[in-house]
A.B. asks: 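Have a look at this one before I ask anything.
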Amino acid sequence: MTTRVRFAPSPTGYLHIGSARTALFNYLFARNTKGKFLIRVEDTDRQRSTEESLSSILDGLKWLGFAPDEEIVFQSNNADKHRLAAFKLLEEGKAYRDFTPKEDRSEKDIKRDIADRARKQGDKKDMRDNKYRELTKAESDSKAEAGEPFAIRLKVAETGKTSFEDAVYGPQERDYADIEDMVLLRSDGHPLYNLAVVCDDLEMRITHVIRGQDHLTNTHKQILIYEALGEEKPVFAHLPLILAPGGKKLSKRAHGEIVSMDLYREKGFIADAFRNFLALLGWSPKDENEILNHDQLIESFSFDGINRSNAAFNFDANNPKRWTDDKALWMNAEYIRTMPLDELIPLVREELRGEKLWREEYDEEEKRWFEETIDLIRERFYTLKDFSEQGRAFFSEDFDYDPKAINKNLKKHPDLREWLPELAERLEGLDDFTHDGIFAAVKSLCADKETKVGVILNGARVLLTGQAVGPSMVSAIEQLGKEKTVMRLKSQVAWNE
RNA sequence: GACCGGUUCGUCUAGGGGUCUAGGACACCGCCCUUUCACGGCGGCAACACGGGUUCAAAUCCCGUACCGGUUACCA
């Protein structure tokens with residue numbers, strides 16, 4: 001049997017980092033088992049669903065590389081089938097009409113409202129106390145015919161329990177007494193989540209339902225629906241949640257853009273690296289190598305590598321250097337400096353284009369120079385943004401000097417004001433403008449001035465690149481070329497900043 | 001409140017009765033390399049929530065407590 005899994009986002013916002021990981025695990029499982037990965041858009045909440053949200057989610061999935069194997073299913077298109085299922089259960093006596101007037105819930109604080117009420121009820125609540133539950137068929141029919149509005153609720157048995165074996169959490173049980181007669185169909189004819197999910201998963205022939213742990217208790221309700229429908233249930237695998245630092249809920253409201261996948265693309269993450277990081281949040285491979293590319297992730301993925309406890313996404317909103325999880329940043333840097341150059345170049349090209357730093361020559365007569373430059377400067381970069389920011393001086397005359405670099409490496413050694421132009425002169429007269437020739441010139445200047453090589457090179461770095469850090473400076477000088485090097489070393493602009 | 005999950009270094013995690021004086025990764029710190037640095041190499045710091053059992057032996061099994069999370073809608 002081929003496995004079939006689905007990722008089922010509801011288009012009511014951005015692509016949450018936790019949803020992205022759910023999509024990832026579904027995708028990995030599908031590929032690992034040579035099955036199908038499907039996408040179902042759960043757009044039945046018409047008030048909250050938007051086009052923008054949908055395209056943002058789809059874009060995010062595309063960026064991560066999770067293309068669906070079949071056409072995307074829109075849940076709202078299946079409403080008729082859901083209704084049919086509800087009426088079938090009603091017909092068979094497995095569900096009943098509830099004529100209780102619909103309550104008006106104020107949009108605000110619904111969740112708190114519900115929790116408060118539940119707290120008051122304590123454990124005394126009888127889940128079967130609906131007075132319409134035992135109405136005879138004739139009574140129910142006549143009320144319905146008279147035009148009285150009704151919702152359809154599932155008739156959950158008085159005693160017994162649901163049980164299933166979760167592929168991650170193991171055996172699960174829940175007593176019927178703890179499950180209410182949930183509404184299947186709203187009084188306005190609108191099918192509800194649990195019914196819709198079950199019907200669609202059946203229709204799509206889903207074999208494994210892989211989703212967040214927040215659905216663990218829902219699963220029992222859905223099992224009741226599978227049973228009422230007389231259908232086989234799929235395998236369930238629930239995933240631990242991704243929490244904010246301190247173990248609190250991670251939300252856009254409280255934590256901002258950091259929860260949205262869009263941000264990572266904008267900030268210069270490489271999809272491969274981010275996928276790798278995401279996979280390690282709640283899952284771990286058998287051996288100790290944590291750097292796993294797309295194919296390696298697929299190959300090593302399995303449910304028993306999934307951890308059962310929630311993971312905290314670690315970042316510090318007050319520290320720009322730690323705007324997101326350290327490990328994610330490190331992972332991205334690792335990919336940038338080790339991935340094949342021909343895979344990196346197109347990504348850098350996009351970045352430079354976006355910042356108006358790209359020149360067509362980089363693909364033609366200056367291709368070689370460009371590749372060498374990228375290979376040189378990528379060594380200490382963390383994101384693709386660094387190519388256009390810290391690396392800007394390699395592609396443009398219009399770059400800024402980092403004030404910290406000026407103070408630390410220039411102004412602390414006032415002599416550099418004379419020494420660096422002198423270095424420029426010496427380099428200008430150099431026939432052999434290669435690494436060794438440049439280094440020899442630097443060393444002889446150091447000897448003459450009785451200073452350390454580091455002082456000269458650090459100072460030169462500021463004037464040449466505007467930065468305090470970077471790759472081997474001698475190589476950088478060679479890469480920049482004589483003309484630019486001489487010009488920048490003679491410039492006094494930085495001294496006046 | 002009730003029900004359901006969870007709890008190993010700061011963070012992500014390995015481990016599921018003896019091999020655990022608890023392994024790896026990130027971060028942090030030190031040293032080395034070097035021509036400076038956010039590269040690299042080597043090393044260090046640092047954890048089994050707590051209390052009871054069971055057992056010759058418990059991070060691992062059982063019970064309780066605490067804390068955290070989820071669910072508790074005519075939302076998804």
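In what follows, chains carry the letters A, B, and so on, assigned in the order in which the sequence lines appear, proteins first and then strands, with residues in each chain numbered from 1.
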A.B. asks: Would you please indicate yes or no on a ring centroid separation below 6.0 angstrom for Trp323(A) and Tyr264(A)?
C.D. replies: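 Yes.
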
A.B. asks: Does G70(B) have OP1 or OP2 under 4.0 Å away from a side-chain N or O of Thr217(A)?
C.D. replies: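 Answer is no, no contact under 4.0 Å.
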
A.B. asks: Taking it one step at a time, do Arg48(A) and Ser53(A) satisfy side-chain hydrogen bond (donor to acceptor under 3.5 Å, both in side chains)?
C.D. replies: CA-CA 10 Å; Arg48(A) 293 193 299 152; Ser53(A) 165; over 6 Å; no

A.B. asks: Would you say the ring centers of Phe25(A) and Phe301(A) fall short of 6.0 Å from each other?
C.D. replies: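 Close enough - the centres of the two rings lie under 6.0 Å apart.
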
A.B. asks: Quick one: Ile114(A) CD1 to G1(B) P, roughly how many Å, whole number?
C.D. replies: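 For the pair Ile114(A) CD1 and G1(B) P, the rounded distance is 18 Å.
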
A.B. asks: State which of U13(B), U35(B), G5(B) makes the closest approach to the side chain of Val453(A).
C.D. replies: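 The nucleotide sitting nearest to the side chain is U35(B).
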
A.B. asks: Looking at Tyr226(A), is Lys233(A) sitting on its ring face, NZ or CZ under 6.0 Å from the six-membered ring centre and within 45 degrees of the normal?
C.D. replies: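 Ring-cation test returns no.
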
A.B. asks: To the side chain of Arg48(A), which of C74(B), U8(B), A76(B) is closest?
C.D. replies: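 Nearest to the side chain of Arg48(A) among the choices is A76(B).
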
A.B. asks: Look at the side-chain N and O atoms of His238(A) and state whether any lies under 4.0 Å from the OP1 or OP2 oxygen of G6(B).
C.D. replies: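 For G6(B), OP1/OP2 do not have a side-chain N/O of His238(A) under 4.0 Å.
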
A.B. asks: Among the candidates C75(B), C39(B), G5(B), find the nucleotide nearest to the side-chain atoms of Leu192(A).
C.D. replies: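 Nearest to the side chain of Leu192(A) among the choices is C75(B).
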
A.B. asks: CG of Leu15(A) versus P of A76(B): gap in Å, rounded?
C.D. replies: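 Whole-Å distance recorded here is 20 Å.
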
A.B. asks: Quick check for you: among C39(B), A14(B), C75(B), whose closest atom lies nearest to any side-chain atom of Arg337(A)?
C.D. replies: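 Between C39(B), A14(B), C75(B), the one nearest the side chain of Arg337(A) would be C39(B).
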
A.B. asks: With respect to the side chain of Asp326(A), which nucleotide from C4(B), A27(B), A73(B) is positioned closest?
C.D. replies: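 Among C4(B), A27(B), A73(B), the one nearest the side chain of Asp326(A) is A27(B).
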
A.B. asks: Would you mind pulling out the nucleotide paired to A66(B), Watson-Crick or G-U wobble, both distances under 3.5 Å?
C.D. replies: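 Base partner found: U7(B).
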
A.B. asks: Would you measure the distance from the P atom in G53(B) across to the matching atom in A57(B) and give it in whole Å?
C.D. replies: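 Per the computed distance, 12 Å lies between those P atoms.
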
A.B. asks: I'd like to know if Gln213(A) reaches the base of G6(B) with its side chain such that a donor and an acceptor end up less than 3.5 angstrom apart.
C.D. replies: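 Result: no qualifying N/O pair found.
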
A.B. asks: Return the nearest nucleotide to the side chain of Leu281(A); candidates are C12(B), U35(B), C4(B).
C.D. replies: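 Taking heavy atoms from C-beta onward, the closest nucleotide is C12(B).
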
A.B. asks: Whole-Å distance between C4(B) P and Arg308(A) CZ?
C.D. replies: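 It is 17 Å, rounded to the nearest whole Å.
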
A.B. asks: Now, which nucleotide makes the Watson-Crick or G-U wobble pair with U72(B), with each of the two distances under 3.5 Å?
C.D. replies: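 Per the H-bond distance test, G1(B).
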
A.B. asks: Quick one: look up who C37(B) pairs with, Watson-Crick or G-U, both distances under 3.5 Å, and put none if it's unpaired.
C.D. replies: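 Paired with C37(B), as far as the under-3.5 Å criterion goes, is no nucleotide at all.
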
A.B. asks: Under 4.0 Å between a side-chain N or O of Arg186(A) and OP1 or OP2 of C75(B)?
C.D. replies: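 Yes, because at least one side-chain N or O of Arg186(A) sits under 4.0 Å from OP1 or OP2 of C75(B).
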
A.B. asks: Does a side-chain N or O from Arg153(A) land closer than 4.0 Å to OP1 or OP2 of C74(B), or not?
C.D. replies: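 For C74(B), OP1 or OP2 has a side-chain N or O of Arg153(A) closer than 4.0 Å.
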
A.B. asks: With rounding to the closest Å, how many angstrom separate the C1' atoms on C9(B) and U54(B)?
C.D. replies: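 It comes out at 29 Å once rounded to the nearest Å.
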
A.B. asks: Answer yes when Arg97(A) and Glu148(A) have at least one side-chain N-carboxylate O distance shorter than 4.0 Å, and no when they do not.
C.D. replies: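 Answer for the salt bridge query: no.
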
A.B. asks: In terms of heavy-atom contacts, does CD of Glu51(A) have more than 12 from other residues, nucleotides or ligands at under 6.0 Å?
C.D. replies: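 Incorrect, the count does not exceed 12.
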
A.B. asks: Let's test this: given Watson-Crick or G-U wobble pairing with both distances under 3.5 Å, identify the partner of C42(B).
C.D. replies: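 Because both required distances fall under 3.5 Å, C42(B) counts as paired with G30(B).
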
A.B. asks: Without decimals, in angstroms, what is the distance between Leu241(A) CG and C12(B) P?
C.D. replies: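 Whole-Å distance recorded here is 13 Å.
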
A.B. asks: Can you tell me how far C1' of U34(B) sits from NZ of Lys452(A), to the nearest Å?
C.D. replies: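 These atoms are roughly 13 Å apart.
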
A.B. asks: Would you say a side-chain N or O of Thr44(A) is under 4.0 Å from OP1 or OP2 of A76(B)?
C.D. replies: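 Looking at the OP1 and OP2 atoms of A76(B), one of them is under 4.0 Å from a side-chain N or O of Thr44(A).
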
A.B. asks: For the side chain of Glu42(A), starting at C-beta, report the closest nucleotide among A76(B), G6(B), A38(B).
C.D. replies: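 In terms of side-chain proximity for Glu42(A), the closest of A76(B), G6(B), A38(B) is A76(B).
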
A.B. asks: Please report the distance separating the P of C12(B) from the corresponding atom of U7(B), rounded so that it comes out in whole Å.
C.D. replies: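 Between the two P atoms, the distance is 12 Å.
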
A.B. asks: Among C37(B), G70(B), U35(B), which is the nearest nucleotide to the side chain of Leu457(A)?
C.D. replies: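 That would be U35(B).
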
A.B. asks: Rounded to whole angstrom units, what separation is found between the CG atom of Asp287(A) and the C1' atom of G23(B)?
C.D. replies: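 After rounding, the gap between these two atoms is 13 Å.
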
A.B. asks: Which nucleotide, if any, forms a Watson-Crick or G-U wobble pair with C56(B), using both distances under 3.5 Å?
C.D. replies: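 Across any shown strand, C56(B) pairs with G18(B).
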
A.B. asks: Which nucleotide wins on minimum distance to the side chain of Glu180(A), given the candidates G24(B), A38(B), A73(B)?
C.D. replies: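 For Glu180(A), the side-chain atoms sit closest to A73(B).
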
A.B. asks: Only one of Leu24(A), Leu38(A), Thr22(A) clears side chain to side chain contact (heavy atoms under 4.5 Å, CB included) with Phe7(A); which?
C.D. replies: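 So, applying the side chain to side chain contact (heavy atoms under 4.5 Å, CB included) to Phe7(A) and each of Leu24(A), Leu38(A), Thr22(A), only Thr22(A) qualifies.
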
A.B. asks: Find which nucleotide of RNA chain B each of Asn409(A) and Asn194(A) is nearest to by heavy atoms, and output the residue with the more 5' nucleotide.
C.D. replies: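 Residue closer to the 5' terminus by nearest nucleotide: Asn409(A).
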
